[in-house]
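The chains referred to below are lettered A, B, ... by the order of the sequence lines, with proteins before strands, and numbering in each begins at 1. This structure is a prediction, so every number in the text was calculated from the model and none was measured. When reading the values below, keep in mind they use all heavy atoms of this one structure, side chains included, and skip hydrogens, waters and symmetry mates.
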Amino acid sequence: MSSAVRPRATGAPAGTTAPDDGRGGRPGAPRPAAASRRWYRLRRDRSLLLMALPAVGLLVLFVYVPLIWTTVAFKDYDPYLSGLWDSPWTGWENFSLLLSDSRFWDAGVNTLAITFLQLTLFFPVPIALALLLNSLMSERVRAVVQSVLYLPHFFSWVLVITVFQQMLGGAGLISQLLRARGYEGFDLMTDPGVFKFLVTAQLVWKDAGWGVIVFLAALSAVNQDLYEAAAADGAGRWRRMWHVTLPALRPVIALLLVLRVGDALTVGFEQILLQRDAVGPGASEVFDTYVWWVGIANGDYGVAAAGGLVKGVFSLVLVLLANKVAHLLGEQGVYRK
Amino acid sequence: MSATAPLRTATAPPDPPSAPTAPRPDRRGGRPVWEEEPGPAGQGLKGVALVTVCAAILGPLWVVVVTSLSDQKTITEAGGLVIVPKTITFRAYQELLSGGTVTRATVISLLVTLVGTAISMAVSILCAYGLSRPGSLLHRPILMTLLVTMFFSAGLIPTYLLVTGIGLQDSYWAMILPSAVSVFNILVLRAFFMNTAPELIDSARIDGAGEWRILLRIVMPLSKAVIAVISLFYAVGYWSQWFNAMIYLNDAGKWPLQMILRQLVIKQEAPQGMSQMIATQQVPGLAVQMAVMVLALIPVVAVYPFVQKHFTKGMLTGAIKG
């Protein structure tokens, strides 16, 4: 009882005159003079600062410093002829080359098409699975199914695609069984027509189970009295689901939906790159694989960096817009207001 | 009416908190009375759905494992992949693990995973604890430095040019350092640390313990669950990695297992040093492919059961507090 009432900021027992600087200062420490305050804080927090340093250093080196190399997008950069500083500025030339490349626009169309398929075909699956799991009476069955569902999330994309190849490929299990019964086999893995559905199916197999966690947590937080009250008012199973369960899930659904839309320009880079050769770039090229192809495979760093920059800027705008929408919906979004 | 109102507030207990009741009430006691018994059709459909979902995940894995353990005769009879095991032979594994390309790739993958996870965990735990006290010096700027990276990345080309520029090309470190820090993981750990027994920490401090001792002796032992989960996340990341190996490692002798798997099964090419084994048909080619898949699978499946029970706890701390 008393522990709930006692303010947590001061860990000091009542009665002592421990100074509390409102910054989680430790009890018993002398209150410093205003002038030496910074020095005092440095001495007090130097171990904390030291601890944060390695991670911050790695982040700065591998996330912030590369921003310098973004200038390649405005240069005629050739690593064999000149360094970054000596290569000549070309203004917006790389961008006009990029925008006149029809493959860039095709990649955009493919990216958005795959995002759309994932929103319509992938997104509802974890919700349905969570409702199914939540309706189970037996805790043991529930636990077993949950462990099976989460497992593929931890497989590498290489493994997931080889598994799909062994099942749906030309020499895959299904074709093999069909042929043994005198039918014709098929090869979904190299068919550009179904590639976007295939990619979505792979995502469902790998990650739909993992997506269940968030929804199960939301379901477990539903006040059970609401169900009882609804049942007492004569609501059946489906009406309880419609009027109690789904409203409880709505904030989570809205938030995840908004975040996915904010991330619309990014679709499974590794997953698609692994299958690019098998189906050809026509059906499989997305923004990220385009940048890889132009830059790293063909060494045209300037245009590739321009492509990455264009995608990055639009992505940032989308994410910020999505967060704005999430806030308008009364949710928290990725960051707080 | 107006006369009774103050009376009510004076005597009645305060309104019950509108917070949800205990998360998922224990249903072991059975169905609540108001919930109707599902009909046989509903029960049946539910069962079918559950079995289908589990079979869709476990079925392919079963076929892969069984085929990797089959000899040429069984594979020929089945016309390819084997569903029902007839004979069990570890020939493919013996062949792959007795030195050579796959053995080396497996060792490389294991080492990269172990070293990488150790570095990532050390760096992340330290950073998470260093940021776990709001109000400490430079707390906000450092936190912002981390958070901002969740909104943008430098992009593939600048990162590639930097990593090759600082001489990591053809170095194993190219598989570790660029992805060593995950801000999301740090935030999950930090949220957990901030909730760890502030009374214990305060009393330890009164007893004269420094930050390092508090972290090692109090906070970390109390956070075993979340540390296990985050370690698994990092380890799986390193174990699954192939893209960094592909773009940074020109020397195929340094490739990790995932690269070998990609070459052998997805591209259907024999990796360097394996062509002879496949050409001479010492072991069935299909069994070899499946065995490499199983090798890529085993570490994950071996560690998974021990960490799995902590998922919800670890994930939700991050989701709610992060």
Side-chain angles (χ1 to χ4, degrees), chain A residues 8 11 23-24 26 41-42 45 47-49 51-52 54-56 58-59 62-63 65-67 69-70 132 137 139 145 147-148 150-152 154 156 158-159 161-163 166-167 171 173 176 180 213-214 217 220-221 223-224 228 231-232 270 274 291-292 295-296 301 304-305 308 312 316 319, chain B residues 20-21 23-25 27-28 34 49-50 54 57 60 63-64 79-81 123-124 126-127 129-131 133 135-137 142 145 149 151-152 154-162 178 180-181 198 202 205 211-212 236 240 242-243 247 258 261-262 265-266 293 296-297 300 304 308 312 315-316:
Chain A
R8 234 183 59 187
R23 297 167 188 275
R26 60 190 66 147
R41 284 177 71 199
L42 178 65
D45 297 333
S47 354
L48 294 179
L49 279 173
M51 287 173 175
V56 175
L58 279 170
L59 274 181
F62 288 106
V63 182
V65 176
L67 291 179
W69 292 89
T70 307
L132 177 66
M137 284 299 292
E139 292 290 337
V145 176
S147 339
V148 173
Y150 297 162
L151 182 62
F154 297 96
S156 67
V158 180
L159 187 62
I161 287 158
T162 54
V163 165
Q166 301 305 336
M167 296 299 119
L173 186 70
Q176 178 188 320
I213 288 189
V214 183
S220 72
N223 189 343
Q224 295 296 310
E228 190 172 352
E270 292 200 352
L274 282 167
V291 169
W292 169 81
I296 293 176
Y301 297 111
L316 186 62
V319 172
Chain B
T21 47
R24 189 168 173 93
R27 302 188 78 168
R28 243 165 284 168
W34 44 266
L50 288 177
C54 291
I57 291 171
V63 172
V64 167
L81 296 159
V123 164
S124 305
L126 286 176
C127 183
Y129 184 75
L131 291 175
R133 203 146 319 129
S136 65
L137 188 64
I142 295 178
T145 312
T149 63
F151 284 91
F152 76 94
L156 179 60
I157 300 297
T159 309
Y160 173 82
L161 292 175
L162 174 94
V181 180
D202 283 344
R205 192 167 293 128
E211 301 292 357
W212 295 88
V236 163
S240 305
W242 64 276
F243 181 69
I247 61 174
Q258 307 285 344
L261 179 60
R262 163 176 177 263
V265 183
I266 298 184
M293 286 173 72
L297 183 79
V300 178
Y304 177 74
Q308 190 258 119
T312 318
M315 282 310 293
L316 289 182

With a 4.5 angstrom heavy-atom cut-off, could you sort out which part of I142(B) is near chain A: side chain, backbone, both or neither? side chain
Tell me, out of V56(A), L132(A), L316(A), who's got the most heavy-atom pairs with chain B below 4.5 Å. L132(A)
I'd like to know which of V291(A), L274(A), T70(A), V65(A) tops the heavy-atom pair count under 4.5 Å against chain B. L274(A)
Most contacts with chain A, counted as non-hydrogen pairs under 4.5 angstrom, among L261(B), L161(B), V300(B), V63(B): L161(B)
Gap separating the CG atom of L48(A) from the CG atom of L42(A), nearest 0.5 angstrom: 11.0 Å
Is there a donor-acceptor contact under 3.5 Å from the side chain of R41(A) to the main chain of G135(B)? yes
Contact origin within T145(B) toward chain A - heavy atom pairs under 4.5 Å: both
Could you tell me which portion of Y160(B) (side chain, backbone, both or neither) has an atom closer than 4.5 angstrom to a non-hydrogen atom of chain A? side chain
Under 4.5 Å heavy-atom distance to chain A, tell me which part of V265(B) shows up: side chain, backbone, both or neither. both
So which of A180(B), G80(B), S124(B), G155(B) has the biggest tally of heavy-atom pairs under 4.5 Å with chain A? G80(B)
Please check if the side chain of Y301(A) supplies one atom and the backbone of P158(B) the other of a donor-acceptor pair under 3.5 Å. no
Could you walk me through whether E211(B) and R133(B) pass the salt bridge (Lys or Arg N to Asp or Glu O under 4.0 Å) test, one step at a time? CA-CA 11 Å; E211(B) 301 292 357; R133(B) 203 146 319 129; 2.8 Å; yes
For residues Y150(A) and I213(A), determine if any side-chain heavy atom of one lies less than 4.5 Å from a side-chain heavy atom of the other. yes
Side chain, backbone, both or neither: which part of P54(A) has a non-hydrogen atom closer than 4.5 Å to chain B? both
Closest approach of I157(B) to G295(A) (non-hydrogen atoms, all atoms of both residues): CD1-CA, 3.7 Å
Segment of I247(B) engaging chain A (4.5 angstrom heavy-atom cut-off): side chain
Of all heavy-atom pairs between D45(A) and S136(B), which one has the smallest distance, and what is that distance? OD2-CA, 3.1 Å
Between the OG atom in S156(A) and the CZ atom in F243(B), the distance rounded to the nearest 0.5 Å is 15.0 Å
Would you mind checking which part of Q176(A) comes under 4.5 Å of any heavy atom in chain B, side chain (CB onward), backbone (N, CA, C, O), both or neither? side chain
Looking at G312(A), A171(A), A180(A), A305(A), which makes the most heavy-atom pairs under 4.5 Å with chain B? A305(A)
Who wins among V163(A), L159(A), L49(A) for the most heavy-atom pairs under 4.5 Å with chain B? L159(A)
